[in-house]
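Below: the structure, in structure tokens.
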2 protein chains.
Amino acid sequence: MATIGDVARAAGVSRSTVSYALSGKRSISRETRDRIDEAIKTLGFTVNAGARALATSETMVIGLLLEFHDDEFPPAMLQYILAVSTAAREKGYDILMVTDADGPGAVTRITSSNMVDGVVLLDVTHDDPRLDALRAASQPGSLVGLPRDTQDVDVFDLDFGEAARMLVDHLYGLGHRKIVLVSPPRHVFDRGGAYAWRFRDAAVERAARYGIHIYPYYGESQQPGISRSLNAILDARPDATALIVHNDASIAVLPAVLHERGVQVPRDLSVVSLYSQDFGRSFLLPYTAVETSPDKLGREAVQHLVRRINDPGDSPTVAKFIEPELTIRGSTA
Amino acid sequence: MATIGDVARAAGVSRSTVSYALSGKRSISRETRDRIDEAIKTLGFTVNAGARALATSETMVIGLLLEFHDDEFPPAMLQYILAVSTAAREKGYDILMVTDADGPGAVTRITSSNMVDGVVLLDVTHDDPRLDALRAASQPGSLVGLPRDTQDVDVFDLDFGEAARMLVDHLYGLGHRKIVLVSPPRHVFDRGGAYAWRFRDAAVERAARYGIHIYPYYGESQQPGISRSLNAILDARPDATALIVHNDASIAVLPAVLHERGVQVPRDLSVVSLYSQDFGRSFLLPYTAVETSPDKLGREAVQHLVRRINDPGDSPTVAKFIEPELTIRGSTA
DNA sequence: ATTCATCTTCGAACCGGTTCGACTACTTTA
DNA sequence: TAAAGTAGTCGAACCGGTTCGAAGATGAAT
């Protein structure tokens, strides 16, 4: 591997001159620049990332922290990963992806050793133990998911409360008075997945305001439990005319379950949900739904993080809730 | 951030002594070690990864290269990512995940700048352009997926040919003589996804040897095309008694399609496939299938890579085909 | 003709670690 | 009792970059 010293020697200049030619931070004469460029070409020189990081205290790497839970539906998570990765690369950053079971430890490890310039935390829970580690770090962080204490952290999330109200309003407006709600699995609530109860509580409250009935249930996370629980719920509420599904795993198998039961949408039952457009395309989900926009969330989290990396201290803490958008797909009547 | 110099000063020793205390490469007296440990605790010292990488030429980071294609089914890829990440962490490595559209460029970028000690390439195609970049690099690489030219590279893949023969044998043994094969989408073949034709060609050849009929078709990658194509295929071959599905997206929706057609498995039709156990649990897939073992593949790729990182040159090039295993789930008769 | 600013380049210091060779103080061994 | 290890420590060099201050050359302003 050629070093900057090799390039300097080949071009007959000093190392600092090569460095300035590379960065453009001082002016370099035409001929010198040409000689340096040529030397770089013939030697195949590339800046050593570790050395540059040491000298500049910038790694140009962003840490991406995520944990896989058995009760999570994998396809959804992948969309966030991809969004973060793409957005980071556009800003010149690479992604150090950490899937450690020990989240707080992982945060501390990569920040205190200065492996990254900042971190993105996915799937943040209400009492996320990673937050203390993040606050102790000298690098900024962006969260996807809403914790209880948002002090000193930047949060990006869908406005699940508003999404719930939007869907209830939509169904109420069409005349529905008895609505079944399938929430995420119980473990998600237990673990502190705030999005689960933010959505459910808002839906329940809205229904109460309208004086209509809403029946909340937990979904399941793995087959064959998912189909079984959906059937049990539908059996238990034969009088409900609408279904709100707030669970990726459940919505993915719903078409099969409804078909098996001979239920026609929207003739026999109106169905609404929350999922991303891409998700709906991988599966066959022709339901009116709130778009969850993982790409938008991931992108905003990264963009804000980069801004904070580049002027630390200055940028104020942010809690941004993406406004939900309803995509009508004709599954309600 | 405390440096090794701060620790040395606090403990009243030289920087090299602290370094040796950390690495254990030279003996240190009991008292000195205690003073150093204490200084590290109170200062909250962590080794700077960039500086260590510069000094040792080891980053303890493995690059993971993957590209997302629209015609791929996301859940499958995630299993590989997770397997690689977990296996790497067990060996003390972190993962730099690169999803660049420009694969070869990404390989060159992270290797020539010495950001990584080695790379894992996922989803390698027959004429994968990333291979030249990898061969030009000074770091070793492990591939998941079989390229045409395996010179100087380590390959880990399922033995798709054997898997196909296994499934054909299984069906032949049960008396089936007309078999439909749903392969991956045409794009996968075009792009050079060798696993697609390795499986198909082996199946066709085996069927020919038995003198039975096999009807190969391309699957689709996105809804509603997947269901439509499956229906079209089943319509076209009403006399077939067995179905081999070699496509994640298709197998995931097959239960719904079959149910809609009123086809009972295995009474009316025998079905076999290839997928991982985890995949089968996310969806409802009660089919006899060859286990694709993404965890085993990812783990082996990483383990071998780490071995090569630690003794370069020595370890011979390897092309390891995981032996397929048939999991009987009673979907054949 | 002198002063001053600008352009271009160099040398040295620094970032934060690791590692080699040498030195001191004790133990062993012959 | 002299020679040979061995344990414990230090200083210096090095890894490969960046950046600051200085300095020579050139040209413009006074």
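We name chains A, B, ... by the order of the sequence lines, and we start the count at 1 in each one.
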**Asked** Do you see a donor-acceptor pair shorter than 3.5 Å between the side chains of A:Ser19 and A:Ser16?
**Response** no

**Request:** Would you give the length of the straight line joining atom CG of A:Asp102 to atom OG1 of A:Thr108, rounded to the nearest 0.5 angstrom?
**Result:** 8.0 Å

**Asked** With a 4.0 Å cut-off on heavy atoms, is B:Ser16 in touch with a base, just the backbone sugar-phosphate, or nothing at all?
**Response** base

**Request:** Could you check B:Gly5 against A:Arg33 and say which one's nearest nucleotide on DNA chain C is further toward the 5' end?
**Result:** A:Arg33

**Complete:** Taken to the nearest whole Å, CZ/A:Arg26 to P/D:dC20 is 7 Å

**Prompt:** Which atom names give the shortest non-hydrogen contact between A:Arg35 and A:Ala11, and what distance separates them?
**Reply:** NE-O, 2.9 Å

**Fill in**
Footprint ends on DNA chain C, 5' to 3', for atoms under 4.0 angstrom from a heavy atom of chain A, come out as C:dC7 to C:dG16

**Asked** Is it true that A:Arg135 and A:Asp149 make a salt bridge, defined as a side-chain N closer than 4.0 Å to a carboxylate O?
**Response** yes

**Message:** For a quick check of understanding: with a heavy-atom distance under 4.0 Å over all strands, which category does B:Ser14 fall into, base, sugar-phosphate or nothing?
**Reply:** base

**Message:** Taking the axis from the first five pairs and the axis from the last five, what angle separates them in the helix from C:dA1-D:dT30 to C:dA30-D:dT1, rounded to 10 degrees?
**Reply:** 50°

**Request:** Please work out which residues in residues 44-51 of chain B have a non-hydrogen atom less than 4.0 Å from an atom of DNA chain D and list them by number.
**Result:** none

**Message:** Pairing donors with acceptors under 3.5 angstrom, does anything connect the side chains of B:Thr99 and B:Glu67?
**Reply:** no

**Request:** Just call it for B:Thr32: base, sugar-phosphate, or nothing, with non-hydrogen atoms closer than 4.0 Å on any strand.
**Result:** sugar-phosphate

**Asked** Closest heavy-atom contact between A:Val155 and A:Pro147?
**Response** CG2-CD, 3.8 Å

**Of B:Glu31 and A:Val18, the one whose closest DNA chain D nucleotide lies more 5'** = B:Glu31

**Asked** Base, sugar-phosphate, or nothing for B:Ile28, non-hydrogen atoms under 4.0 angstrom?
**Response** sugar-phosphate

**Asked** Side chains of A:Ser142 and A:Asp154: donor-acceptor distance under 3.5 Å anywhere?
**Response** no

**Prompt:** Hey, are B:Lys41 and B:Asp37 close enough for a salt bridge, meaning a charged N less than 4.0 Å from a carboxylate O?
**Reply:** no

**Asked** Salt bridge check: are A:Arg109 and B:Asp94 linked by an N-O gap of less than 4.0 Å?
**Response** yes

**Request:** Identify whether any heavy atom of B:Ser19 sits under 4.0 Å from a base atom; if not, whether one sits that close to sugar-phosphate; answer base, sugar-phosphate or nothing.
**Result:** base

**Request:** Sort out for me which residue in A:Thr3, A:Thr32, A:Ile4, A:Ile28 forms a side chain to side chain contact (heavy atoms under 4.5 Å, CB included) with A:Val18.
**Result:** A:Ile4

**Prompt:** B:Thr56 near the nucleic acid: base, sugar-phosphate alone, or nothing, with a heavy-atom cut-off under 4.0 Å?
**Reply:** sugar-phosphate

**Message:** Give me the atom names and distance for the closest heavy-atom approach of A:Leu65 to A:Gly103.
**Reply:** CD2-O, 4.1 Å

**Asked** In whole angstroms, how far is the P atom of D:dG8 from the CZ atom of B:Arg15?
**Response** 22 Å

